[in-house]
Amino acid sequence: MKELIEELKKITIDEERLIGVSLDIGYDPEWNETTIDVSVKVKGEFERKE
């Protein structure tokens, strides 16, 4: 969880560039695993801070 939080801290998106956010959660009972996919769509090119 700490790694996820650190990665999210690197992201800054101006509200006027934000197009949409989606969240997809899927559970696989055979493997007893849950996958959480988060998608963010923005206008223009996005550069990630390191």
Side-chain angles (χ1 to χ4, degrees):
M1 185 65 153
K2 184 177 179 183
E3 293 172 7
L4 173 61
I5 292 169
E6 291 304 314
E7 287 300 310
L8 290 173
K9 286 180 180 179
K10 297 177 183 178
I11 300 172
T12 302
I13 299 171
D14 298 328
E15 190 172 332
E16 61 270 4
R17 291 183 58 203
L18 182 63
I19 296 172
V21 177
S22 66
L23 176 66
D24 182 42
I25 301 173
Y27 175 67
D28 183 343
E30 181 179 340
W31 294 94
N32 192 28
E33 294 178 345
T34 298
T35 301
I36 302 171
D37 294 314
V38 179
S39 177
V40 178
K41 193 171 191 178
V42 296
K43 292 180 184 176
E45 188 173 353
F46 180 78
E47 291 186 20
R48 183 175 155 181
K49 293 188 277 181
E50 292 299 324

| task | Apply side-chain contact (heavy atoms from CB on, under 4.5 Å) to D37 and list each qualifying residue two or more places apart in sequence or on a separate chain. | result | D24, T35
| Partners of D28 by side-chain contact (heavy atoms from CB on, under 4.5 Å), sequence neighbours excluded? | E30, W31
| field | D14: partners by side-chain hydrogen bond (donor to acceptor under 3.5 Å, both in side chains), with sequence neighbours left out | value | none
| remark: Hits for side-chain contact (heavy atoms from CB on, under 4.5 Å) against V42, two or more places apart or cross-chain, chain-then-number order -> I13, R17, L18, V40, F46
| By salt bridge (charged side-chain N to carboxylate O under 4.0 Å, His left out) - contacts of E6 (at least two apart) | K9
| query | Considering residues at least two apart in sequence or located in another chain, which fulfil the side-chain contact (heavy atoms from CB on, under 4.5 Å) criterion with I36? | reply | L23, I25, T34, V38
